[in-house]
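Every heavy atom of this structure was used, including side-chain atoms; hydrogens, water molecules and symmetry mates were not.
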Amino acid sequence: MGIAALNSQKVRKPSFFLSVRFWIVVLVIVWILTDSNPKDTAGFLFMWTLPAFFLLLTAYVSYTHKRANASTIDLLNVNNNGLWSHEFQSSKMTIDTNRELLDLTLYIQTSFLSYGCDNFLRIYSRGERYPSALCG
């Protein structure tokens, strides 16, 4: 697969409602409601709540991982300009082959603090490191 093919690939955005685990939970609930005795329906639904909770929880965790992976942006030497970059959530890596430079950018965000480090670490081809004054 060529670099142009990798640049043009679109990652499909995930959907929570396309999860197999979600539909298993829904189908079991429908099955309980349609095929059980009216006296036993409440008991069956109560017994199904714990397995359904864990199935939905694991489906949500899987969905968040797939959503994070779908937000990745890769630019691999577009127009042969010598720039290669990869962005994932709060970090970015750029390789400039013309200037022989590697830039790592890291953004840290918590509920109390938002802290950004542009050019968190620069590495030139000779192995010299230049950490940013903000982050050092």
Side-chain angles (χ1 to χ4, degrees):
M1 180 179 289
I3 292 173
L6 286 174
N7 281 329
S8 65
Q9 276 187 341
K10 297 288 184 194
V11 178
R12 185 173 59 109
K13 297 286 183 186
S15 173
F16 182 75
F17 299 108
L18 292 178
S19 171
V20 173
R21 293 174 215 159
F22 172 79
W23 287 108
I24 287 173
V25 169
V26 170
L27 289 175
V28 169
I29 290 173
V30 168
W31 178 64
I32 289 172
L33 291 174
T34 57
D35 287 346
S36 66
N37 187 359
K39 289 182 177 179
D40 300 331
T41 303
F44 287 145
L45 288 175
F46 180 74
M47 288 189 300
W48 178 239
T49 55
L50 188 62
F53 171 75
F54 283 110
L55 281 172
L56 292 174
L57 180 69
T58 57
Y60 181 74
V61 169
S62 175
Y63 164 72
T64 56
H65 287 300
K66 289 179 183 177
R67 187 182 63 197
N69 286 338
S71 68
T72 301
I73 301 170
D74 290 318
L75 298 174
L76 307 173
N77 200 19
V78 178
N79 300 326
N80 292 324
N81 58 2
L83 292 175
W84 305 71
S85 71
H86 172 77
E87 292 182 39
F88 179 72
Q89 291 181 342
S90 62
S91 63
K92 180 179 179 182
M93 177 181 69
T94 305
I95 300 171
D96 188 350
T97 56
N98 297 329
R99 294 176 23 201
E100 298 180 347
L101 177 68
L102 169 67
D103 283 331
L104 300 176
T105 304
L106 175 67
Y107 294 99
I108 302 168
Q109 185 170 1
T110 63
S111 57
F112 303 109
L113 173 71
S114 180
Y115 183 68
C117 296
D118 287 328
N119 300 326
F120 175 67
L121 179 63
R122 285 187 169 190
I123 302 175
Y124 290 93
S125 63
R126 296 176 298 279
E128 302 158 343
R129 293 175 171 229
Y130 298 98
S132 173
L134 291 173
C135 300

Exercise for the section: Could you please spell out the steps behind the side-chain contact (heavy atoms from CB on, under 4.5 Å) verdict for L56 and F16? Expected result: CA-CA 9 Å; L56 292 174; F16 182 75; 4.2 Å; yes
Answer yes if V20 and W31 sit in the same cluster of Ile, Leu, Val, Met, Phe, Trp and Tyr residues linked by side chain heavy atoms under 4.5 Å apart, and no otherwise. yes
Next on the checklist: Apply side-chain contact (heavy atoms from CB on, under 4.5 Å) to residues D40 and I32 and explain how you reach the verdict.
Outcome noted: CA-CA 9 Å; D40 300 331; I32 289 172; over 6 Å; no
Just wondering, do F53 and T49 contact through their side chains at under 4.5 Å, heavy atoms?
no
Interatomic distance, CG@L33 vs CZ@F44, rounded to 0.5 Å, equals 12.0 Å
Between the main-chain N or O of S15 and the side-chain N or O of S19, is there a donor-acceptor pair closer than 3.5 Å? no
| message | Is there a path of hydrophobic side-chain contacts, each under 4.5 Å between heavy atoms, that joins L57 and V25? | response | no
Treating S62 as the side-chain partner and A59 as the backbone partner, does any N or O pair qualify as donor plus acceptor under 3.5 Å? no
W23 side chain to F17 main-chain N or O, any donor-acceptor pair under 3.5 Å? yes
Heavy-atom nearest pair, W48 first then L55, reads CH2-CD1, 4.0 Å
- Message: Under 4.5 Å between side-chain heavy atoms, counting indirect links through other Ile/Leu/Val/Met/Phe/Trp/Tyr residues: same cluster for Y60 and I24 or not?
- Response: yes
Between the CD1 atom in I29 and the OG1 atom in T34, the distance rounded to the nearest 0.5 Å is 12.0 Å
Worksheet item: When hydrophobic residues are tied together by side-chain contacts of less than 4.5 Å, even through go-betweens, does Y63 share a cluster with L18?
Response: no
